[in-house]
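Below you'll find the structure, written out as structure tokens, and then a few comments.
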Amino acid sequence: MERRNFLKSAGALLAGSVLPISLVEVAFGKSKHENFTFAYISDSHIQQIKGNKFVRNFDRGLVRAVAECNLMDPKPDFVIYGGDLAQLGSKPEIDHGLEIMSACKHKVHYVMGEHDYYLDLGQYWESQLGPQWYSFDHKGVHFVVLNSIIVDEKWTNKWSSGEERMGVMAGLDNPLGSPFMVGAAQRAWLKNDLAKVSKDTPLVVLSHSPLQKIYKGWNFWTDDAEQIQAILKPFKKVNVFYGHVHQIQYNQIGNISFHSVMATAWPWPYPSTYSQAPSQLPKLTVEMNRADPFFERDATGWQFIDVWSGNTSMHFQLPENSPRTVAYNKKHKQPEDTKYQSDRIPPQKHY
Amino acid sequence: MKSIHHVAIAATMFLVYATSAFADEFTDQDLKNWEQDFQTAVIQGRKLFTDPNLGSNGVVCAQCHPNGANTHPETYPKLQKQLGRVAVMWEMVNWCIRNPLEGKDLSPDSPDMIALQAYITFERRNVKLAPGKH
């Protein structure tokens, strides 16, 4: 399919609804590569109340994302699930989440989130979904999936139970939590995995946490980010997509473009709205406008991602905000908001 | 030289008046007690803010509002869209308890409601008052 036609049909879809999923197009024009698309669903936080009762807002968000994903035209080649399927990592939550996901008609590649992990260190998740980090090739693009939410062993083992550990990690602002990292073992694996890949192969790296340091207080953070970025540095086109933050963020560090994907569960405030601590939200990011302090679907909008010749364009369709496009600016060599970036007039007041 | 001397005397007199303008001073102990009582409410508010039993479905306030962010106590009273009228903060807290938390309203003067507001407001300390603002 031509890119133009794809955009047209995606546009038709955009006009009709507001979807909590992301669609990615990887397109390589006349080269030997074939164009293809993939979709992205993330951060559903399926939360059990009791027995077969689950928090409605959150599981309905995922049901909707899966339904919309099945209606996509063109059909995505596969779906990425960006992590935090469960809220407290329990078997019933993961089972319920996977049951909803089983309605998805496409192959799904899963990323590990901290909410899936800290009850049993990913054991149940792994028994259902396979290894926590892996890579695969698809039509000329090398995809790497990382578990970026690991913390050191001392912290991991200091709790009296998995429930206690999960409870602490589930609280974003809990000062007893610990900063995330990819860790030495996985970095060594990544180096080894990428040794087989030619430097002009486009890379798409999928992680739950940002692989950059944004705000430690809420774990918008990956402690060994610099070391991972150094491993990715020799490659010409690198795109990192991450979940976890439930809001629009983007950044450029060297050759690496960073983009967050939206959540299906609930919105999070930007770190800069917490007045008691400074944050390092990427200077590039123009924050979303949020007129209402609690609009439950804010930050759970639709984004269409176009990875054109290895660079990314993200089109956001938001329930109570104007549509936005964050596209790679070839001149400035970084992703930029096509409307708000140049004059940096903040489009929001955070009330 | 003389005039400088006068200014110095005037300044000294002013300082004397300024520091003796209050008859009875609060003692350090008073201030400490009051701060302690306030902090007790703040700590209780934080506890409730992360308590899965505040509502009925296990959802906690901090899930959407880490460190009380995006609660904006400094903007109340204001038009609250969910309620369709100008509201004060505790009314919006109850809206959150009823809806995302699927719980029951707290009485406006209950210690729990006061503690929740103490915590939220403490997290926004030093932010300028902006009533009515969105």
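Here is the naming used below: chain letters follow the sequence lines, and residue numbers restart at 1 for every chain.
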query = Do the side-chain N and O atoms of Ser279(A) and Tyr270(A) include a donor-acceptor pair separated by under 3.5 angstrom?
reply = no
ask   = Which of these passes side-chain contact (heavy atoms from CB on, under 4.5 Å) with Thr71(B): Glu123(B), Met89(B), Met92(B)?
value = Met89(B)
task = Heavy atoms only: give me the nearest Arg125(B)-Gln276(A) pair and the separation to one decimal.
result = O-NE2, 3.0 Å
message = Using a 4.5 Å heavy-atom cutoff, which residues in residues 36-56 of chain B come close to chain A?
response = Arg46(B), Ser56(B)
inquiry  = For Arg85(B), is there an ion pair with Glu91(B) - N to carboxylate O distance below 4.0 angstrom?
reply    = yes
task = List in chain and number order the residues that pass ring-ring contact (aromatic ring centres under 6.0 Å, His included) with His45(A), two or more places apart in sequence or in another chain; answer none if no residue qualifies.
result = His115(A), His246(A), Trp266(A)
inquiry  = When you compare the side chains of Glu114(A) and His208(A), does any donor N or O come within less than 3.5 Å of an acceptor on the partner?
reply    = yes
